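Shown next, in structure tokens, is the structure this report addresses.
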Amino acid sequence: MKVRESGMPDPAYWDSFFDPEAILDRLCLDRTCRDLLEFGCGYGTFTLPAARRVAGQVYALDLDPGMLDITRQRAADEGLGNIEYLLRDFVADGSGLRDASVDYAMLFNILHGEEPVGLLAEARRNLAPGGRLGIIHWNHDEATPRGPPLSIRPRPEQCARWAVEAGFTPASDTIDLPPYHYGLLLEV
């Protein structure tokens, strides 16, 4: 199931919206994390920096084989060998990983889909006790150069409510990620 309004622009244009290292710093991703699950890896914008930070494996999920191919090539160009690429419709079929199998999960620019609580519950299922969930999304602002329509773009408090409903505990207030995003850090 393709996420609503999920078309991707040119990779260089997409990457220009983010400072992945700064975002991952703010969301407390570091070497204390062994294994990480990313729902919707896209072009690998966050996959590659995450793979350089974690002590173990990154599981990069996407339902578009083209996105996985691009991420795989970018990782190969950087000599990163700790990424497993999984072609999955994770909204319909879950991650395919076992319960409590990762320490960190990333849901970046994806909670505007039709089943956000279900997706959060799947991330919760995959996280080991003490695991963390990082969320980022586009600010609820018409001035952002990209992002889903405001009618389906979640606000931070909405994402936080959904996460609590799925069994998470907030580990931070809303994190400002200028110029276009906000973030949330939650724990199992």
Side-chain angles (χ1 to χ4, degrees), residues 1-11 13-15 17-18 20 23-24 27 29 36-47 50 58-71 84-97 99 101-102 104-127 131-142 144-170 174-175 177 180-188:
M1 174 186 306
K2 192 160 181 142
V3 175
R4 297 183 292 173
E5 304 294 328
S6 59
M8 293 288 282
D10 170 80
Y13 181 58
W14 178 255
D15 286 348
F17 298 130
F18 310 98
I23 288 171
L24 295 177
L27 293 176
L29 180 62
L36 177 141
L37 172 58
E38 180 181 24
F39 290 89
C41 68
Y43 295 124
T45 304
F46 293 95
T47 315
V58 170
Y59 299 95
L61 279 61
D62 210 290
L63 61 82
D64 183 338
M67 293 289 115
L68 291 172
D69 290 343
I70 290 168
T71 301
E84 186 172 334
Y85 307 91
L86 302 168
L87 181 64
R88 299 270 316 165
D89 183 345
F90 50 80
V91 173
D93 302 323
S95 71
L97 300 180
D99 292 356
S101 58
V102 297
Y104 199 104
M106 297 190 314
L107 290 171
F108 288 5
N109 291 319
I110 200 165
L111 288 178
H112 57 280
E114 281 91 5
E115 299 291 333
V117 175
L119 186 52
L120 285 155
E122 177 63 4
R124 170 71 178 81
R125 183 188 69 76
N126 292 134
L127 284 164
R132 290 183 164 181
L133 170 68
I135 294 173
I136 72 166
H137 218 296
W138 295 93
N139 290 329
H140 200 274
D141 180 352
E142 290 179 6
T144 57
R146 186 88 185 127
L150 292 182
S151 62
I152 62 169
R153 190 182 308 190
R155 295 176 186 270
E157 57 275 6
Q158 190 173 25
C159 288
R161 274 195 315 273
W162 290 335
V164 168
E165 185 177 336
F168 287 97
T169 301
T174 300
I175 301 165
L177 302 171
Y180 306 118
H181 291 83
Y182 64 87
L184 299 168
L185 183 63
L186 301 115
E187 296 178 339
V188 173

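Fair warning: this is a prediction, and the values are worked out from it, not measured in the lab.
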- Message: One pair to check against side chain to side chain contact (heavy atoms under 4.5 Å, CB included): Cys159 and Tyr182. What are the steps and the verdict?
- Response: CA-CA 11 Å; Cys159 288; Tyr182 64 87; 3.4 Å; yes
- Can you list the steps and then say if Leu24 with Tyr104 is a side chain to side chain contact (heavy atoms under 4.5 Å, CB included)? CA-CA 11 Å; Leu24 295 177; Tyr104 199 104; 5.7 Å; no
Work out which heavy atom in [X] is nearest to a heavy atom in [Y]; give both atom names and the distance.
X: Leu68; Y: Leu61; result: CD2-C, 4.5 Å
X: Thr47; Y: Cys41; result: OG1-CB, 3.4 Å
X: Ala105; Y: Phe39; result: CB-CE1, 4.4 Å
X: Ala166; Y: Val117; result: CB-O, 4.1 Å
X: Tyr43; Y: Thr71; result: C-OG1, 3.2 Å

- Message: Let's go through Leu184 and Thr174 carefully: what are the C-alpha distance in whole Å and the side-chain angles of both, what is the deciding distance for side chain to side chain contact (heavy atoms under 4.5 Å, CB included) to 0.1 Å, and is it a yes or a no?
- Response: CA-CA 5 Å; Leu184 299 168; Thr174 300; 3.7 Å; yes
- Given the options Leu107, Leu127, Leu133, Leu186 meets side-chain contact (heavy atoms from CB on, under 4.5 Å) only with Leu133
Quick check: do [X] and [Y] have side-chain heavy atoms less than 4.5 Å from each other?
X: Arg161; Y: Pro116; result: no
X: Met8; Y: Trp14; result: yes
X: Phe108; Y: Thr45; result: no
X: Leu36; Y: Val102; result: no

- Message: Can you tell me how far apart CG (Asp62) and OH (Tyr85) are? Round to the nearest 0.5 Å.
- Response: 12.5 Å
- Mind checking whether His181 and Phe18 have parallel, tilted or perpendicular rings, split at 30° and 60°? tilted
- Item | Neighbour count above 12 (heavy atom, 6.0 Å) for Glu142 CD | no
Backbone N/O of [Y] and side chain of [X]: donor-acceptor pair under 3.5 Å:
X: Arg124; Y: Phe168; result: no
X: Arg153; Y: His112; result: no
X: His140; Y: Leu150; result: yes
X: Asn126; Y: Ser101; result: no

- Report the C-alpha distance between Leu111 and Leu120 in whole Å, list the side-chain angles of each, state the deciding distance to 0.1 Å, and finish with yes or no for side chain to side chain contact (heavy atoms under 4.5 Å, CB included). CA-CA 9 Å; Leu111 288 178; Leu120 285 155; 4.1 Å; yes
- Message: Given Ser95, which partner from the list Glu38, Arg88, Glu122 fulfils the side chain to side chain donor-acceptor pair (under 3.5 Å) test?
- Response: Glu122
